[in-house]
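Throughout, protein chains are lettered first and strands after them, A, B, ... in sequence-line order, and every chain is numbered starting at 1.
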There are 2 protein chains.
Amino acid sequence: MSNTPPTRIVLIEDNQEYRDVIKLALAEVEDLELEEKFGTCEIALRYLQDLSNKRPDIILLDLRLPGMLGLEAIPFIKDYSPKTKIIVLTLSDSESDVLNAISLGASGYLLKSATLDEIVSGIRAVQNGAATLDPSVAHFLLQKLKKHIPQNALGIELSQRELEILTLLGEGLVKKEIADQLGIGYTTVDTHVRHIYEKLQVRNAPSAVGKAYKLGLFNDE
Amino acid sequence: MSNTPPTRIVLIEDNQEYRDVIKLALAEVEDLELEEKFGTCEIALRYLQDLSNKRPDIILLDLRLPGMLGLEAIPFIKDYSPKTKIIVLTLSDSESDVLNAISLGASGYLLKSATLDEIVSGIRAVQNGAATLDPSVAHFLLQKLKKHIPQNALGIELSQRELEILTLLGEGLVKKEIADQLGIGYTTVDTHVRHIYEKLQVRNAPSAVGKAYKLGLFNDE
DNA sequence: TCCGTTATCCCGTATTCACGTGATACGCCT
DNA sequence: AGGCGTATCACGTGAATACGGGATAACGGA
């Protein structure tokens, strides 16, 4: 236990009080080490950019900061210190903040209403390659996901070739170009397209592409 | 505190040992009450169907059960007791189990590696209208979501009319049908479509539909 | 006041599509 | 041995598309 190096943490948070709360909380945990804390992204990024500093394992990142916002800083953090995992720790439970943080690659999203225990176990989870989400954020994401998970198993299955051709169609190639690219004849492509229409029960290419997206036929790769 | 009724919990789990562990754990928590525990879905569903029984607030549901699988039971639970929230509690972290559980409307997904504290706080979160996810499940879902969140803000914006027409195109209508449905002329539709192609930088309808999905232009409604 | 965006409408044409109606061949399952 | 799905190829035709090149009108910002 004691020979594994502690998890190195950097806190970016402008509120002095909350900063101190976190500092005291982490000080009590043996294998977590609060390396630095910063009040703005600008200063934090300068620290990360300095090659003489060791890279932290985890960054706890507030979003509403004076100057550069936390979300804006994420790409720079990823750039300067690619291996550092980011846990957003903020008051905001706005949908767009959550979605942006995720698409920018955050490994966790906690609210400041979280207990210190939850923050510590969140850090441990992320350090182990997992993720941590505030329950209310998780609820929001589950609702979001429910809509985006296609229930594809309606017996509709395209062959590999058909999916290939449909993909190219959706990318803008005309049948002749698809034939050339696949090294097959035009009429073959035409036949495949007809089969696709039958299976998807559509009558033309735009709706075939649309239905394929709705059914999630493109999801798997 | 003590005048709020306890959260009523039902456990569906075939492993005798784990069932007892949960029973003992919940017995120690004041505001949680393990109402019943069942070894199979069939028996549990019979209990839920019996109108003389009170409906539980939470069901902890294992997936790998003798007879009917946990996932199969979810729609029946939703039917017999719509207000009951379901937390999946299983060994399986298979992607399809997670996705199926979510699309069937589970409010939580915990693994049996979870500590009893995590299970209790998960129950509390769900009872409060939030959700609970095992960190490794959360990680998987975040990765999944990252792909599905489009970064639409590339300056590409269709007018309302254009989006309307593109939607209908993706549903399989030909330009003439779109014109009739919108009560405008064929040439007007044609012009709109040209503008759509310009904005999306494509040359035909299938790729316009494809690109719209990729950019998430259909996401907002 | 002028320009950009949006929405509406028109003509003509070469290209492409959708589809009816075929064919051959391979593998798999029964 | 026969059937089913897949992949390949072919011809012809009417329908639809993509696009060049126009136009008018309303609205709002520069």
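With sequence neighbours left out, the side-chain hydrogen bond (donor to acceptor under 3.5 Å, both in side chains) criterion links B:Ser92 to B:Asp97. Taking the side-chain hydrogen bond (donor to acceptor under 3.5 Å, both in side chains) definition, one finds that B:Glu17 meets it with nothing, sequence neighbours left out. Residues passing the side-chain hydrogen bond (donor to acceptor under 3.5 Å, both in side chains) test with B:Tyr213: none are found, sequence neighbours excluded. Residues satisfying the side-chain contact (heavy atoms from CB on, under 4.5 Å) criterion with B:Asp180, sequence neighbours excluded, are B:Lys176. Applying the side-chain hydrogen bond (donor to acceptor under 3.5 Å, both in side chains) criterion to A:Gln49, with sequence neighbours excluded, gives A:Tyr80.
Under a 3.5 Å cut-off, the side chain of B:Thr188 and the backbone N or O of B:Ile184 do not form any donor-acceptor pair. The backbone N or O of B:Leu69 sits less than 3.5 Å from a side-chain atom of B:Glu72, completing a donor-acceptor pair. Counting only distance, with no hydrogens or angles, the side chain of B:Glu118 and the backbone of B:Thr115 share a donor-acceptor pair below 3.5 Å.
Residue A:Ile165 contributes atom CD1, which lies 9 Å from atom C1' of D:dA7 at whole-angstrom precision.
Residue-level contact check: A:Thr188 touches the bases, meaning some heavy atom is under 4.0 Å from a base atom.
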Using a cutoff of under 3.5 Å, can you pull out all pairs of nitrogen or oxygen atoms linking the protein to nucleotides 25-30 of chain D, with atom names and distances?
none

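Of the N and O atoms on the side chains of A:Glu35 and A:Tyr47, at least one donor lies less than 3.5 Å from an acceptor on the other residue.
Ion pair A:Lys199/A:Glu162 flagged as a salt bridge, since at least one NZ, NE, NH1 or NH2 atom sits closer than 4.0 Å to an Asp/Glu carboxylate oxygen. Of the charged side-chain nitrogens involved, at least one lies within less than 4.0 Å of a carboxylate oxygen, so that B:Lys112 and B:Asp62 count as a salt-bridged pair.
Listed in residue order, the members of residues 192-209 of chain A having a heavy atom less than 4.0 Å from DNA chain C are A:Arg194, A:Tyr197, A:Arg203, A:Asn204, A:Ala205. Annotation: proximity of residues 170-185 of chain B to DNA chain C (heavy atom, distance under 4.0 Å) is found for B:Ile184, B:Gly185, numbered in ascending order.
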Per-nucleotide protein contact along nucleotides 22-30 of chain C, 5' to 3', at a 4.0 Å heavy-atom cut-off (B base, S sugar-phosphate only, - neither), is ---------
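Judged as a salt bridge (Lys or Arg N to Asp or Glu O under 4.0 Å), the pairs with a partner in residues 185-195 of chain A (not counting sequence neighbours) are, in order, A:Lys175-A:Asp190, A:Asp190-A:Arg194. Applying the side chain to side chain donor-acceptor pair (under 3.5 Å) test to pairs two or more places apart or on separate chains, those with a residue in residues 131-140 of chain A are A:Asp134-A:Ser136.
Annotation: B:Gln201, atom CD; neighbour count of heavy atoms from other residues, nucleotides and ligands within 6.0 Å does not exceed 12.
Rounded to 10 degrees, the angle separating the terminal helix axes of the helix from C:dT1-D:dA30 to C:dT30-D:dA1, each built from five base pairs, is 50°.
The side chain of A:Arg161 sits closest to D:dA7 out of D:dC9, C:dT8, D:dA7.
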